[in-house]
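Just so it is clear, the structure is predicted and the values come from calculations on it, not from any experiment.
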Amino acid sequence: MSDQDPIILLIGSGAREHAYAKSIARSNRSHTLVTFGSSHNPGIAELSATYISGSITDPEAVASFAQEQKATLAIVGPEAPLETGVADKLWDNGIPVVGPKRELAMLETSKQFTRNLMADYNIPGCPAFKHFDSVDGVEQFLQSLGENYVVKADGLMGGKGVKVSGDHLHSHAEALEYCQKLVDANSTFVIEEKCIGEEFSMFSFCDGITLKHMPPVQDHKRAYVDDKGPNTGGMGSYSDANHSLPFINQNDIAESKEINRLVVEALRKKTGEGYKGILYGGYMATNEGVRVIEFNARFGDPEVMNLLSLLNTDLIDICVAIGNETLDSVDVEFKQQASVCKYSVPEGYPDSPEKNFPVDISTVEKPDQLFLGAVDMQDGQLVATGSRTAAVVGLADTITQAEEEAERLVNQVSGKLFHRLDIGTEALIDKRVQHMNQLRG
Ligand code: AMP
Ligand code: GLY
């Protein structure tokens, strides 16, 4: 190994980080991977020269491990360490980081910060919104929105702080009651217009100035077939060979890329700092163009598994370029293939998941396309720990063929598990297309 070979510190231990580790392992560059996880992920450990578990949100602990390992580059997988300033601490110690500093990660951690940024910098795609720290004025604002409103608690709530009219809230009285609950819990909140359409995600690699966009992907939040059941971290996702999605058009894609770019530009103007990392734009395609549902300051899980499986460019080159602001000189390319990712999750997930049961992955015929999530090794046996267990990705020329591969692979993961049979199927995609056609007239 030469002095130039990067020593990469990966922070996090879920399936997203397993996808990062696999992508790094495919690099042509000589390198060393060291991992600081919150738990022991055997898939990542196998690919790491050193692996420790600890408090990944503790900047001191992470920085001291980074020093000890002589890390030359860090990648922060999840949002929680971004919120506590792990990236700031590593930069202070001279280590470039893929993952924004705390103030910039407020794009994800504070709904109010994001909506204000969009309003202050005239960024298009922002639904009507208002921020509240008491219930004063809530009723009036709800009246102005009519039947279509969303209440979002400020701060990181793991997706559980958002309540949507028609879905979770069935009257202004119910909405008001939820707002009062938030006030009682000392939480501020945003109320905004409910957008009607189909959701998709637009991810960009960002070095603070240059953005390199990825193919759009659609995630599936609901636990059960046909978008029924409780919200989850995401049950699966797909992308198309033409780097579009069947229910969106070129305008939607161009608008979402431009909004991502404008947000990075606005953040730089507002804070004087470059947003370095992955920008995750959560969009809704509507009959009036795209609307921003949320931003996240990291890769999506499961979407990362689609995108890094399709990435042709060396991920280490991209990460190094993010760190030293030279992303403009890297050609970021993705395979012209469709991808379908499916998660295998414990029976009962997400509300009362089975825990600590054995999982067998020994018959998975394409282990490169398998990603381990909430698992542990106990006495040499792989066990599921209760959250999303493992994901597989199918890759092919069409979404239908990729779905068939994903379905075959996910069935080779055995244990007390279930997955969504419909993700990536023609029937579900047709439904999305019909819905958009109907909205667009
Ligand atoms: P968030 O945590 O902001 O992504 O919200 C969680 C989910 O709530 C999103 O994935 C959407 O399905 C829904 N949602 C959030 N904001 C809106 C909105 N303004 N209009 C419609 N649905 C929304
Ligand atoms: N794909 C959902 C998330 O990562 O938040």
Side-chain angles (χ1 to χ4, degrees), residues 124-125 127 145-150 159 162 164-170 192-203 214-232 234-257 259 281-294 300 302-303 306-307 336-343 393-407 410 419-441:
L145 295 177
E147 294 305 303
N148 292 321
Y149 50 86
V150 181
V162 177
V164 180
S165 67
D167 234 356
H168 316 95
L169 301 169
H170 300 94
E192 64 189 34
E193 173 194 350
K194 175 184 175 184
C195 309
I196 315 288
E198 287 292 334
E199 286 182 69
F200 68 97
S201 313
M202 176 58 72
F203 293 87
M214 306 185 211
V217 192
Q218 188 176 45
D219 183 19
H220 298 71
K221 287 238 156 78
R222 299 302 195 98
Y224 313 137
V225 162
D226 219 15
D227 297 321
K228 300 279 193 317
N231 272 328
T232 70
M235 294 293 290
S237 44
Y238 64 90
S239 72
D240 207 350
N242 62 1
H243 296 177
S244 180
L245 287 167
F247 56 90
I248 59 176
N249 57 40
Q250 288 307 312
N251 260 346
D252 298 326
I253 294 176
E255 279 178 33
S256 61
K257 289 178 177 173
I259 292 171
Y283 289 95
M284 181 87 80
T286 76
N287 65 346
E288 299 167 312
V290 302
R291 293 286 178 273
V292 174
I293 298 301
E294 63 167 348
E303 296 98 316
N306 300 80
L307 293 168
Q336 301 274 333
Q337 277 191 306
S339 68
V340 172
C341 177
K342 295 201 186 205
Y343 249 117
V393 171
L395 295 171
D397 290 338
T398 66
I399 297 176
T400 304
Q401 290 165 342
E403 192 276 333
E404 284 164 11
E405 182 174 73
E407 191 56 34
V410 78
H419 65 275
R420 268 183 66 165
L421 288 162
D422 58 343
I423 293 170
T425 57
E426 237 168 272
L428 189 63
I429 291 172
D430 274 351
K431 233 174 94 173
R432 312 248 190 263
V433 172
Q434 300 294 335
H435 183 212
M436 271 329 290
N437 284 347
Q438 180 200 340
L439 290 173
R440 287 183 160 134

Asker: Distance check, rounded to the nearest 0.5 Å: Lys431 atom NZ versus Glu198 atom CD?
Answerer: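 Between atom NZ of Lys431 and atom CD of Glu198 there are 9.0 Å.
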Asker: Using every non-hydrogen atom in the two residues, find where Asp227 and His220 come nearest and quote the distance to one decimal.
Answerer: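 That closest heavy-atom pairing would be OD1-CD2, 4.2 Å.
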Asker: What's the separation between atom CD in Glu192 and atom CG in Leu145, rounded to the nearest 0.5 Å?
Answerer: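 Spacing of CD (Glu192) from CG (Leu145) equals 9.5 Å.
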Asker: Counting C-beta onward and ignoring hydrogens, is there a side-chain heavy-atom pair between Gln218 and Arg432 closer than 4.5 Å?
Answerer: yes
Asker: List the atom of Gly424, the atom of Val340, and the distance in Å for their closest heavy-atom pair.
Answerer: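 That closest heavy-atom pairing would be CA-CG2, 4.3 Å.
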Asker: Give the minimum heavy-atom separation between Tyr283 and Met202, together with the two atoms involved.
Answerer: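 The answer is CE1-CB, 3.8 Å.
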Asker: Provide the full list of salt bridge (charged side-chain N to carboxylate O under 4.0 Å, His left out) pairs with a residue in residues 243-256, sequence neighbours left out, each pair given once.
Answerer: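 As it turns out, the salt bridge (charged side-chain N to carboxylate O under 4.0 Å, His left out) pairs with a partner in residues 243-256, which skip direct neighbours, are Asp252-Arg440.
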Asker: Using side-chain heavy atoms (C-beta onward) and a distance below 4.5 Å, is Ser256 in contact with Phe200?
Answerer: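 Counting from C-beta outward, Ser256 and Phe200 do come under 4.5 Å.
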Asker: Looking only at heavy atoms, which two atoms of Gly236 and Asp219 are closest? And how far apart?
Answerer: O-OD1, 3.0 Å
Asker: Verify, without hydrogens or angle tests, whether Asp226 (side chain) and Lys228 (backbone) share a donor-acceptor contact under 3.5 angstrom.
Answerer: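 Answer holds: no.
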Asker: With distance as the sole test, does Ser201 use its side chain to make a donor-acceptor pair with the main-chain N or O of Gly281 at under 3.5 Å?
Answerer: no
Asker: Quick one: NE2 on His168 to NE2 on His170, what's the gap to the nearest 0.5 Å?
Answerer: 8.5 Å
Asker: Which distance, rounded to the nearest 0.5 Å, do you find between the CD1 of Ile429 and the CD1 of Ile423?
Answerer: 10.5 Å
Asker: Would you call Lys342-Glu403 a salt bridge at under 4.0 Å N-O?
Answerer: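 Looking at Glu403 together with Lys342, the answer is yes, because their closest N to O distance falls below 4.0 Å.
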Asker: Starting from the C-alpha separation in whole Å, work towards a yes-or-no answer on side chain to side chain donor-acceptor pair (under 3.5 Å) for Ser239 and Asn306.
Answerer: CA-CA 7 Å; Ser239 72; Asn306 300 80; 4.6 Å; no
Asker: Should Asp240 and Pro215 count as side-chain neighbours, where that means a heavy-atom distance under 4.5 Å?
Answerer: no
Asker: A side-chain contact here means heavy atoms from C-beta on lying under 4.5 Å apart; do Asn231 and Arg222 qualify?
Answerer: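 Yes, side chains in contact.
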Asker: Quick one, Ile399 and Pro246 - any side-chain contact, counting heavy atoms below 4.5 Å?
Answerer: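 Result yes, sub-4.5 Å side-chain heavy-atom pair found.
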Asker: Can you measure from CD1 (Ile253) to CD1 (Ile248) and round to the nearest 0.5 angstrom?
Answerer: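 Spacing of CD1 (Ile253) from CD1 (Ile248) equals 4.0 Å.
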Asker: How long is the gap from CD on Glu288 to CD1 on Ile196, to the nearest 0.5 Å?
Answerer: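 Between Glu288 CD and Ile196 CD1, I get 10.5 Å after rounding to 0.5 Å.
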Asker: Taking all non-hydrogen atoms of both residues, which atom of Ile259 and which atom of Pro124 are closest, and how far apart?
Answerer: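 Where Ile259 meets Pro124 most closely, the heavy atoms are CD1-O, 3.3 Å.
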Asker: With a 4.5 Å cut-off on side-chain heavy atoms, are Val150 and Val162 touching?
Answerer: yes
Asker: Do His419 and Tyr343 come within less than 4.5 Å of each other through their side chains, counting heavy atoms only?
Answerer: no
Asker: Kindly give the heavy-atom pair with the smallest separation between Gln401 and Ala396, and that separation in Å.
Answerer: CB-CB, 3.5 Å
Asker: With side chains defined as the heavy atoms from C-beta onward, is the minimum distance between Glu147 and Ser165 less than 4.5 Å?
Answerer: no
